[in-house]
Amino acid sequence: MSNNSITIKAPAKINLSLDITGRREDGYHLVRMLMQSLSCYDEVTVEAREDMENTMECNIPGLPADGRNLCIKAAKAMQESFGIQHGFHIRLKKQIPMAAGLAGGSTDAAAVMRAICEIDSLDATTEKLQQIALPLGADIPYCIVGGLMLSEGIGEILTELSPLPTKSVLLVKPNVDVSTGTVYKAYDALSEEEIHHPDTDQLLDYVTKGDWDALLRETSNVLEDVTAPMEKSIPEIEKELRERGAKGTMMSGSGPTVFAVFDTEDRMSKAAEEMQRMHPEYEVRMTQTV
């Protein structure tokens, strides 16, 4: 082992666009998404143990810290894949809103995998780590790398895109819990006429040109067609953010977090202050694209 303990930042992500293109026979949905990482992050510290046990502690009371947690699953997968003959203790400092469509659990698991690579000096390619990660969660392969990417298949086909100019992003999570399984089940019940698919090829062209305004004007999230009617606060938040100068606003992932992109940090800060005053029960985070 080269290092006994490693601390890694695990950034949140937003979907600048999310489309579902089909469904496999095994039930997995095929996606086509633009993913962007943010400076809002969790902090993951991984320490080597002398025995084979994987243990975990977290600053959030009640968060499962056993085999149900993706961090523990990631550590076990790394042990099995590389024949590691010792365990790990994970300390997780959560700052990303939970159950929010921001890949908080996935990015933590990715951080655990990257930390273990450093602790055990593993000669592991990014592709190998993504292969190990995919059975654990469709967003983890992306989270291992981050940045701006096109994600296809069930999340395993990733194409790195030219980074867009850094932008101020406000995250607003209403005080509701949205079940990803419930959202996808409701989506599957829609007819094709009820679904509004984004024009992903056009959006990719905007990315190539570095045209944030056009990208935000035309992006969409097919899951919002089902989540927004279930949670009326989502379209209401989007409306309030647009009224406060957001260049674009949309639900991330299966929700319920809404993100808004602003031209300046000052406008974002003022919007954050007003949103927190109007909705003290909401989680509000100021961040930026990275």
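Counting heavy atoms from C-beta outward, I132 and I140 have side chains that stay 4.5 Å or more apart. Residues D199 and H197 form no side-chain contact, since every pair of their non-hydrogen atoms from C-beta on lies 4.5 Å or further apart. In this structure the side chain of V207 reaches within 4.5 angstrom of the side chain of L215, judged on heavy atoms. At least one side-chain heavy atom of H89 sits less than 4.5 Å from a side-chain heavy atom of E57. Counting heavy atoms from C-beta on, the side chains of S233 and Y282 come closer than 4.5 Å. Between V172 and T257 there is no side-chain heavy-atom pair separated by less than 4.5 Å. Within the 4.5 Å cutoff, the side chain of F82 has no heavy atoms near those of the I116 side chain. The side-chain heavy atoms of E127 and I144, taken from C-beta on, include no pair separated by under 4.5 Å.
Taking both residues in full, the closest heavy atoms of M250 and S17 are given as CE-N, 3.9 Å, listed atom of the first, atom of the second, then distance. The two residues I90 and C71 make their nearest non-hydrogen contact at CD1-O, 3.7 Å. When all heavy atoms of A124 and C117 are compared, the closest pair comes out as CB-SG, 4.0 Å. Of all non-hydrogen atoms in L148 and S162, the two that sit nearest each other are CD2-O, 3.5 Å. Scanning all heavy atoms of the two residues, the minimum distance from W212 to P165 falls at NE1-O, 2.8 Å. Nearest heavy atoms, R114 versus C143: NH1-O, 4.0 Å.
Within 6.0 Å of CE in M286 there are 12 or fewer heavy atoms belonging to other residues, nucleotides or ligands. Under a cut-off of 6.0 angstrom, the local environment of CD in E194 is crowded, with over 12 non-hydrogen atoms contributed by other residues, nucleotides or ligands. Annotation: K93, atom NZ; neighbour count of heavy atoms from other residues, nucleotides and ligands within 6.0 Å does not exceed 12. For CD of E273, the number of neighbouring non-hydrogen atoms (other residues, nucleotides, ligands) closer than 6.0 Å is 12 at most. The 12-atom threshold is exceeded at CD of E243, counting heavy atoms of other residues, nucleotides or ligands nearer than 6.0 Å.
No side-chain N or O of T166 forms a donor-acceptor pair with one of T289 less than 3.5 Å apart. Between the side chains of H86 and Q79, no donor N or O sits under 3.5 Å from an acceptor N or O. With no hydrogens or angles considered, no side-chain donor-acceptor pair links R267 and S168 at under 3.5 Å. Side-chain polar atoms of E224 and H196 form no donor-acceptor pair below 3.5 angstrom.
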Assess the residue pair M275 and I237 against the criterion (side-chain contact (heavy atoms from CB on, under 4.5 Å)); give the C-alpha distance rounded to whole Å, side-chain angles, the decisive distance to 0.1 Å, and a yes or no.
CA-CA 9 Å; M275 292 298 290; I237 291 170; 4.0 Å; yes
I would like to know whether D51 and R49 meet salt bridge (Lys or Arg N to Asp or Glu O under 4.0 Å); could you show each step before the answer?
CA-CA 6 Å; D51 58 23; R49 291 173 53 111; 2.7 Å; yes
Using the rule given for side-chain contact (heavy atoms from CB on, under 4.5 Å), can you reason through L203 versus E218, listing the C-alpha separation, both sets of side-chain angles and the distance that settles it, and then say yes or no?
CA-CA 7 Å; L203 298 176; E218 297 186 28; 4.1 Å; yes
Test side-chain contact (heavy atoms from CB on, under 4.5 Å) on I14 and L171; report intermediate values, then the result.
CA-CA 9 Å; I14 52 174; L171 304 175; 4.0 Å; yes
Set out, in order, the CA-CA distance, both residues' side-chain angles and the distance that settles side-chain contact (heavy atoms from CB on, under 4.5 Å) for F262 and K167, then state yes or no.
CA-CA 7 Å; F262 290 84; K167 287 290 183 179; over 6 Å; no
Evaluation steps, salt bridge (Lys or Arg N to Asp or Glu O under 4.0 Å), between R217 and D213:
CA-CA 6 Å; R217 187 172 60 245; D213 289 348; over 6 Å; no
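A salt bridge links D266 with K270; the closest basic N to acidic carboxylate O contact falls under 4.0 Å. Ion pairing between R91 and E47 holds under the 4.0 Å rule for side-chain N and carboxylate O. Look at R32 and D201 and you find a salt bridge, because one of the NZ, NE, NH1 or NH2 atoms lies within 4.0 Å of a carboxylate O, short of that distance. Electrostatic pairing of K232 and E236 does not count as a salt bridge here, judged by no charged N lying under 4.0 Å from a carboxylate O. In summary, R285 and E283 engage in a salt bridge, as defined by a charged side-chain N under 4.0 Å from a carboxylate O. The existence of a salt bridge linking K9 and D42 is excluded, since no basic side-chain nitrogen approaches an acidic carboxylate oxygen closer than 4.0 Å.
V112 and Y41 fall into different hydrophobic clusters, where Ile, Leu, Val, Met, Phe, Trp and Tyr are joined by side-chain heavy atoms under 4.5 Å apart, directly or via other members.
H29 and Y184 have tilted rings, their planes meeting at an angle from 30° to 60° on a 0 to 90° scale.
Here the side chain of R23 pairs a donor or acceptor atom with the backbone of G27 at under 3.5 angstrom. The backbone N or O of V44 lies less than 3.5 Å from no partner atom in the side chain of D108, so there is not a single donor-acceptor pair. With hydrogens and angles disregarded, a donor-acceptor distance shorter than 3.5 Å links the side chain of T287 to the backbone of C40. The closest donor-acceptor contact from the side chain of T227 to the backbone of L223 lies under 3.5 Å. Looking only at distances, no side-chain donor or acceptor of D139 sits under 3.5 Å from a matching main-chain atom of S106. E160 places no side-chain N or O within donor-acceptor distance of the main-chain N or O of L158, the cut-off being under 3.5 Å. A donor-acceptor contact shorter than 3.5 Å links the side chain of S37 to the backbone of V290.
I96 CD1 to K13 NZ: the interatomic distance, rounded to the nearest 0.5 Å, is 10.5 Å.
Legend: residues meeting side chain to side chain contact (heavy atoms under 4.5 Å, CB included) with R68, ordered by chain and number and at least two apart, are P64, D66.
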